[in-house]
Amino acid sequence: MISARSLAYQILLHLDQKVSQPDRLIRAMLERHSRMEDRDRALTTELVYGVLRWQGRLDWHIDQLSKIKPKKIDSAIRIALRLALYQMSFLDRIPPHAAVNETVKLVKSSQPAHLAGFVNALLREAIRRADKWSWPEPEIDPAHYLSVMTSHPVWFVRAFLKEIGFEETRDLCDANNTIAPMVLRVNTIQAASSAILLWLKEAGIDARPSPYLPDAIRVFGLRQDVAQIPIFTEGMVQVQDEASQLVAHLLSPQPGERVLDLCCGFGGKSTHCGIFMGNRGKILSVDKSAWKIEELKENVRRQGVGIVEGKTCDLLELSPQEVGSFDRVLLDAPCTGFGSLRRNPDIKWRRHPKDPIRFARLQKELLNHAALFVKSGGVLVYATCTVFKEENDDVAGEFAGSHPDFAIESAAGFLPPSCVQMIDGPYFRSWPHRHGVDGFFAARWRRS
């Protein structure tokens with residue numbers, strides 16, 4: 001039977017070679033090795049996410065120890081070293097020598113002998129150093145210091161040092177490294193929040209009401225696949241962070257209306273809107289990825305939200321002549337995703353310093369096109385799961401300046417009173433370090 005370390009190594013290699021969603025890849029690999037014990041399954045997940053989360057600091061350690069230039073270290077060897085160093089630095093229950101021996105075995109099984117020797121020597125030097133490292137000095141180079149100590153790209157750190165200062169940038173990066181609770185949105189068409197909370201507690205699961213939303217429940221330390229528990233398979237809950245749930249509150253769709261959800265993904269917001277509408281009306285959910293629309297349809301079926309129809313189409317190729325106009329239009333725009341680093345730490349290492357500007361260009365084009373589908377008196381909401389102003393305030397501001405027939409409406413009129421601290425001017429804006437939820441932004445306009 002495969003070990004947790006070996007499986008984690010395979011997953012990390014796959015993620016390095018091909019862009020994939022870690023949670024989906026982990027789930028698929030664990031299904032393939034269904035005989036693994038629960039503790040090994042949990043360790044596999046912890047190793048993968050831990051290495052992705054702390055990759056920047058782990059690479060700094062490797063570069064400090066290696067006599068070989070960083071660029072010359074093969075990616076498979078670097079990943080093996082990251083895996084070992086993560087166990088040695090962050091997991092007390094795994095003895096350092098055990099981590100070294102297991103990693104050397106992994107490398108020997110697929111690499112030349114001299115590379116196994118290189119790995120062995122480097123890791124044993126790490127053991128000898130213990131905690132005696134020449135860390136960067138915050139007074140000399142604060143960006144480099146925070147980049148290493150919090151494991152974030154230095155370009156990201158520099159951007160936020162200018163915007164929010166040293167202390168808050170550190171808090172933001174620290175929050176990004178925390179393990180976010182799983183948040184369940186209760187499908188109130190099928191069940192009450194109190195009943196779901198009671199079921200979870202009786203099942204021995206640590207579950208607590210959300211401090212922000214009455215129909216959201218936070219779950220901690222779940223040791224099984226949520227997709228296998230009855231309340232999920234029967235459609236009574238959907239996994240969805242509170243910040244994401246608040247977007248439907250801002251859109252505030254009403255029973256009987258026509259709603260258009262653009263770039264809908266797997267349909268988390270679409271089905272939430274359907275519940276808002278009491279399953280009365282029409283929701284057209286559009287995404288250019290056919291596999292996402294298939295997952296949306298499964299989500300719709302599971303939750304029993306029959307008013308949602310999925311359509312595979314590039315938004316820029318969709319026309320009002322084809323689908324008509326709508327009372328509410330939601331553009332959940334593609335973005336850099338830096339508001340969701342607690343759940344998707346791999347994003348940090350896949351983005352480029354110019355990506356916020358690149359995404360902003362696309363977002364402006366998509367938002368201008370989305371406006372074509374809003375009927376007179378209708379509502380348009382623009383949302384992202386990122387924290388960059390280029391993708392948020394700048395996009396919303398440029399749209400407002402070029403569309404005088406769309407009047408901004410304050411998010412304060414639509415979000416629950418418990419979320420007042422997430423109101424920033426007319427916008428909804430959440431931060432992981434300030435609010436304990438994903439980083440989201442949303443703006444709402446009404447067409448005159």
Side-chain angles (χ1 to χ4, degrees), residues 5 8-9 11-13 15-16 22 46-92 94 96-97 99-100 102-104 106-107 115 117-161 166-167 169-179 338 341-342 344-353 355 433:
R5 294 179 186 87
Y9 180 60
I11 293 170
L12 289 165
L13 280 174
L15 290 170
D16 182 69
E46 181 171 356
L47 290 174
V48 172
Y49 275 102
V51 169
L52 292 174
R53 193 171 286 119
W54 291 101
Q55 177 176 312
R57 192 198 283 194
L58 299 172
D59 280 350
W60 180 84
H61 282 298
I62 294 168
D63 297 343
Q64 291 283 305
L65 293 167
S66 176
K67 295 178 182 178
I68 299 174
K69 290 182 179 180
K71 290 182 179 179
K72 291 189 175 182
I73 299 177
D74 183 76
S75 60
I77 298 301
R78 185 172 286 274
I79 289 168
L81 291 169
R82 288 172 186 162
L83 188 58
L85 287 167
Y86 176 73
Q87 295 171 72
M88 294 159 61
S89 303
F90 294 94
L91 299 184
D92 295 335
I94 298 177
H97 289 283
V100 173
E102 286 294 325
T103 304
V104 171
L106 274 178
V107 174
L115 291 178
F118 166 73
V119 167
N120 183 59
L122 187 145
L123 294 177
R124 294 201 180 279
E125 175 60 25
I127 292 176
R128 282 190 288 272
R129 287 205 186 185
D131 57 355
K132 296 179 176 65
W133 296 89
S134 299
W135 299 106
E137 295 288 343
E139 297 81 7
I140 297 173
D141 190 343
H144 181 50
Y145 170 79
L146 287 179
S147 174
V148 171
M149 300 307 291
T150 69
S151 189
H152 279 68
V154 70
W155 64 267
F156 172 88
V157 174
R158 286 198 183 109
F160 282 89
L161 282 174
F166 182 88
E167 298 294 334
T169 299
R170 182 187 59 196
D171 292 345
L172 172 60
C173 293
D174 286 343
N176 287 340
N177 287 331
T178 60
I179 299 174
F338 267 78
L341 293 185
R342 299 182 307 163
N344 305 292
D346 57 305
I347 287 175
K348 290 187 287 190
W349 317 116
R350 291 195 282 107
R351 297 299 185 207
H352 185 275
D355 278 350
H433 67 295

Anything under 30° is parallel, anything over 60° is perpendicular, the rest tilted; go ahead and classify W133 against W135.
tilted

Taking all non-hydrogen atoms of both residues, which atom of A8 and which atom of L47 are closest, and how far apart?
CB-CB, 3.8 Å

Do H352 and D355 have side chains that get closer than 4.5 Å, going by heavy atoms?
yes

Nearest 0.5 Å please: distance from the CZ atom of R128 over to the CG atom of L123.
10.5 Å

Are the side chains of L83 and L106 in touch, meaning some heavy atoms are under 4.5 Å apart?
yes

Residues in side chain to side chain contact (heavy atoms under 4.5 Å, CB included) contact with K72, at least two apart in sequence or another chain:
I68, K69

Just grab all the salt bridge (Lys or Arg N to Asp or Glu O under 4.0 Å) pairs involving residues 73-90, residues at least two apart or on different chains.
D59-R78, D59-R82, D63-R78

Between the main-chain N or O of I62 and the side-chain N or O of S66, is there a donor-acceptor pair closer than 3.5 Å?
no

Value for OH (Y145) from OG1 (T150), rounded to nearest 0.5 Å, stands at 9.0 Å

Rounding to 0.5 Å, atoms CG (L12) and CD1 (I79) come to a distance of 6.0 Å

Those residues that, when tested against I127, pass side chain to side chain contact (heavy atoms under 4.5 Å, CB included) (two or more places apart)
M88, P96, H97, V100

Would you say the side chain of R57 lies within less than 4.5 Å of the side chain of F90, judging by non-hydrogen atoms?
yes

H152 side chain reached by T169 side chain, heavy atoms, under 4.5 Å
no

Between Q64 and R129, does the side-chain hydrogen bond (donor to acceptor under 3.5 Å, both in side chains) criterion hold? Intermediate values first, please.
CA-CA 11 Å; Q64 291 283 305; R129 287 205 186 185; 4.6 Å; no

When rounded to the nearest 0.5 angstrom, what distance separates NE2 in H61 from CD in E125?
12.5 Å

Nearest-0.5 Å distance that lies between atom CG in N176 and atom CG in L172:
4.5 Å

Is a donor on one side and an acceptor on the other found under 3.5 Å between the side chain of Y86 and the backbone of L52?
no

Below 30° counts as parallel, above 60° as perpendicular, anything between as tilted: where do the rings of F338 and W155 land?
perpendicular

With side chains defined as the heavy atoms from C-beta onward, is the minimum distance between C173 and L146 less than 4.5 Å?
no

Sequence neighbours left out, what passes side chain to side chain contact (heavy atoms under 4.5 Å, CB included) with H144? Give chain and number order.
W60, P136, D141, V148

Indicate yes or no: at least one non-hydrogen side-chain atom of H433 is less than 4.5 angstrom from one of D174.
no

Tell me whether K348 contacts the main-chain N or O of P153 through its side chain, where contact means a donor paired with an acceptor under 3.5 Å.
no

Counterpart residues, salt bridge (Lys or Arg N to Asp or Glu O under 4.0 Å), relative to E102 (two or more places apart):
none

Would you please name every residue forming a side chain to side chain contact (heavy atoms under 4.5 Å, CB included) with N344, sequence neighbours left out?
S340, D346, I347

Sidechain-backbone polar pair: T103 side chain, A99 backbone, donor-acceptor under 3.5 Å
yes

